[in-house]
Asker: 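Below: one structure in structure tokens.
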Amino acid sequence: MSDKPVFKKILIANRGEIACRIIKTANIMGIATVAVYSDADRNALHVKMADEAIHIGSSPSNESYLVIDKIIQAALTTGAEAIHPGYGFLSENAEFCNQCKAHNLVFIGPPVEAILAMGSKSSAKNIMGNANVPLVPGYHGDDQNPAVLKKAADDMGYPVLLKAAAGGGGKGMRTVMHADEFDQALAAAKREALNGFNNDIMLVEKYLLGPRHVEIQVFCDQHNNGVYLFERDCSVQRRHQKVIEEAPAPGMTEDLRQRMGEAAIRAAKAIHYEGAGTVEFLLDTQGEFFFMEMNTRLQVEHPVTEMISGQDLVEWQLRVASGEPLPCPQDQLHIHGHAFEARIYAEDPDQDFLPATGTLSQLQTPRENTHLRIDSGVIQGDQVSVYYDPMIAKLIVWDTDRAAALKRLTEALSDYRIKGLTTNISFLYNIATSQAFRSGAIDTGFIEQHKDEIFHQRSDDIKYAAPIAAQAILHARQQRAKALAAGSSEPNSPWHLANSWQANSSAKPILHIKIGTQELKVEVDSAESNPAVKVAADEESFNLFTDRGVFHCSEAKPDLGLQDNYADGNLTAPMNGTVVTLLVESGTPVSKGETLMVIEAMKMEHAIIAPANGTVTEFFYQPGELVDDGAELLAFAELEETV
Ligand code: ADP
């Protein structure tokens with residue numbers, strides 16, 4: 001490869017992580033970059049990273065990132081020679097591709113004819129059928145009469161999948177299990193397709209049961225060369241959208257890889273492809289594969305291919321778009337090790353993956369190295385807004401084999417700390433630590449099939465987590481006590497021991513713990529707490545990362561209302577009752593909000609909460625003793641802040 005820059009300056013018609021990722025390669029290659037941005041992205045990372053940036057409109061993407069004229073104008077004004085569209089937005093837009101050409105700008109992607117050919121899933125299937133690429137059985141004809149579609153479904157037998165020809169991102173799809181559901185499903189899929197893509201042409205496909213999504217990365221140049229950079233397994237999906245991708249595919253044989261790779265090259269050659277493309281296949285349980293669609297752009301999950309092949313696919317795109325031949329022939333491409341990508345989203349998996357918005361008040365990531373890569377377009381303090389995709393980052397790991405790479409993935413996920421909005425990190429971690437995922441037994445029904453394990457509704461798992469959570473709470477107390485003691489006048493006093501040392505009672509503290517929505521009482525066995533698991537803690541609650549998934553835990557505080565009873569340094573009983581347990585030692589420093597003792601009255605437990613940082617100087621009652629309404633329970637000394 002020559003050292004001469006392939007372009008002097010390019011414009012990136014995108015935002016977020018993919019814009020940042022393209023800028024990184026351009027920088028390495030000595031190519032100047034122009035970013036474009038909307039109002040919402042005024043201070044975005046991609047704007048800071050680029051050499052120049054042009055404002056292209058207000059926040060909604062149809063007023064900025066999707067406006068062809070504004071982007072072309074920005075390229076002309078800044079003297080960019082070429083435009084990289086990233087993925088999404090205008091990356092598969094034929095009109096944009098034409099406009100680039102009309103203004104003498106290189107579109108870093110395939111020729112417009114290839115985009116048009118693959119733009120419709122029906123025409124794509126026609127072309128691929130003719131090129132001898134195996135297809136998912138189904139109807140992809142022009143006659144859209146509902147009766148014709150229904151007959152096609154009846155003839156192939158149920159279940160079938162209705163798919164919008166212009167669809168993407170899992171929209172406009174409906175599974176039909178029985179003939180009598182067909183009409184309603186067709187109407188719903190058509191509505192969604194019309195809304196999303198302004199086109200309601202439908203395909204009917206045989207709905208394969210338990211298939212895997214295995215896609216092939218292809219690359220072609222302007223000199224009739226084409227190679228495949230192996231496969232990615234993207235079977236782990238929610239609502240037909242990818243969640244964790246990996247390369248190579250678990251269980252892939254050399255023979256099948258070669259047959260799929262060659263079919264993908266046939267597909268690309270059939271449309272005179274240039275640049276990076278992905279041919280998506282479904283692989284059935286018998287090892288037969290069927291063409292689904294071809295994406296004529298760089299994919300979100302391209303980093304796993306980069307990790308196992310050692311190639312920079314954006315560099316390949318830039319070289320090929322400038323007219324250079326492919327950097328490398330097929331026989332020089334090899335697979336090294338195994339890679340995973342997990343998509344970290346601002347969303348709530350417990351609420352059907354509802355997108356979340358907000359400010360990333362804390363964003364602490366694992367450290368990048370040769371085994372770990374993070375592609376992200378946001379930094380701490382940034383907003384995740386309603387305007388764009390709520391992806392926060394792509395976490396990519398690599399190691400010499402699948403098991404080692406998976407260990408790196410779970411480690412890295414447990415090192416991520418994000419505050420300010422809900423994320424899917426626990427969900428990803430639960431998938432990655434599940435037995436089935438570890439064994440590589442994945443298919444597109446994986447999440448549905450393993451939802452108990454992934455969403456933690458199993459009581460045996462909660463029983464497993466409870467003692468570990470209790471240990472973690474004690475450990476945190478010890479840490480807090482140490483921190484307080486370090487600041488006190490008598491740092492070596494035995495009163496600063498926050499373990500289970502107690503003057504007149506048994507040495508086993510009982511903790512009230514909340515795990516998920518369940519509350520439990522846990523007797524802690526060991527005085528010395530030393531949890532062997534990772535804990536991501538804030539003041540109120542913490543995530544416990546174990547080898548059976550993540551557990552969201554907190555110390556149960558049954559009645560915070562008791563705080564109101566705090567007056568003049570003493571705390572009083574809310575009603576007649578019995579002391580259940582003392583949770584701290586008198587003399588031991590405690591933090592504001594910590595539960596000091598628990599009282600039972602009217603069959604309900606009430607927590608007595610520390611009103612401030614300080615110490616209980618004396619408990620006036622012991623467990624089992626009766627207390628009267630209004631009785632002073634303990635004496636509390638507030639910690640005096642040293643100036
Ligand atoms: P989109 O373009 O909306 O992403 P795809 O055609 O790529 O739609 O399909 C998305 C996912 O839907 C696939 O990865 C697979 O999980 C599932 N799927 C698609 N077609 C079939 C089929 N015929 N049988 C079973 N599952 C399918």
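Values in this document were obtained by computation on a predicted structure and should not be read as measured data. Ligands are counted one by one from 1 in listed order, and the atoms in each one are counted from 1 as well.
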Asker: In the protein, which heavy atom is nearest to atom 18 (N) of ligand 1, and how far is it?
Answerer: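 Sorting protein heavy atoms by distance from atom 18 (N) of ligand 1 puts Leu161 CD2, 3.9 Å first.
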Asker: Check whether any side-chain heavy atom of Asp233 lies under 4.5 Å from a side-chain heavy atom of Pro250, and answer yes or no.
Answerer: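 Yes, at least one pair of side-chain atoms sits under 4.5 Å.
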Asker: Given His240, Lys171, His213, Met292, which has its nearest heavy atom closest to atom 9 (O) of ligand 1?
Answerer: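 Minimum heavy-atom distance to atom 9 (O) of ligand 1 goes to Met292.
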Asker: Among all protein heavy atoms, pick out the one at the shortest distance from atom 26 (N) of ligand 1; state its residue, atom name and that distance to 0.1 Å.
Answerer: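 Going atom by atom, the protein heavy atom closest to atom 26 (N) of ligand 1 ends up being Tyr207 CE1, 3.6 Å.
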Asker: Does only the side chain of Gln241 get under 4.0 Å from ligand 1, or the backbone, or both, or neither? Count heavy atoms.
Answerer: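 Answer for Gln241: neither.
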Asker: Can you list every side-chain hydrogen bond (donor to acceptor under 3.5 Å, both in side chains) pair that touches residues 179-203, not counting sequence neighbours?
Answerer: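 Listed by first then second residue: Arg174-Glu192.
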Asker: The test is side chain to side chain donor-acceptor pair (under 3.5 Å); show your working for Thr305 and Gln217 and say whether it passes.
Answerer: CA-CA 8 Å; Thr305 299; Gln217 175 72 57; 4.8 Å; no
Asker: Name the closest protein heavy atom to atom 10 (C) of ligand 1, giving the residue it belongs to and the distance to 0.1 Å.
Answerer: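 For atom 10 (C) of ligand 1, the nearest protein heavy atom is Met173 CE, 3.7 Å.
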Asker: Just jot down the ligand 1 atoms closer than 4.0 angstrom to any heavy atom of Gly170, in number order.
Answerer: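 Close to Gly170: 1 (P), 3 (O), 4 (O).
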Asker: Checking salt bridge (Lys or Arg N to Asp or Glu O under 4.0 Å) between Glu280 and each of Lys242, Lys121, Arg232, which is the one that passes?
Answerer: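 With Glu280 as partner, salt bridge (Lys or Arg N to Asp or Glu O under 4.0 Å) holds for just one option, Lys242.
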Asker: Would you say Leu208 and ligand 1 have an N/O pair spaced under 3.5 Å apart?
Answerer: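 N/O-N/O distance under 3.5 Å: yes.
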Asker: May I ask you to identify the nearest protein heavy atom to atom 5 (P) of ligand 1, giving residue, atom name and distance to one decimal place in Å?
Answerer: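 Here the nearest protein heavy atom works out to Lys121 NZ, 3.6 Å.
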Asker: Between Leu282 and ligand 1, which residue portion shows a heavy-atom distance shorter than 4.0 Å: side chain, backbone, both, or neither?
Answerer: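 Only the side chain of Leu282 comes within reach of ligand 1.
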Asker: Which of the numbered atoms in ligand 1 are under 4.0 angstrom from any heavy atom belonging to Lys163?
Answerer: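 Taking each heavy atom of Lys163 in turn, ligand 1 has 6 (O), 19 (C), 20 (N) under 4.0 Å.
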Asker: The test is side chain to side chain donor-acceptor pair (under 3.5 Å); show your working for Gln258 and Glu262 and say whether it passes.
Answerer: CA-CA 6 Å; Gln258 192 180 340; Glu262 283 166 3; 3.1 Å; yes
Asker: Only counting residues at least two apart or in another chain, list the ones meeting ring-ring contact (aromatic ring centres under 6.0 Å, His included) with Phe353.
Answerer: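 With sequence neighbours excluded, Phe353 shows a ring-ring contact (aromatic ring centres under 6.0 Å, His included) to Phe427, given in chain and number order.
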Asker: Got the closest protein heavy atom to atom 15 (C) of ligand 1, with its distance?
Answerer: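 The closest one turns out to be Gln237 OE1, 3.8 Å.
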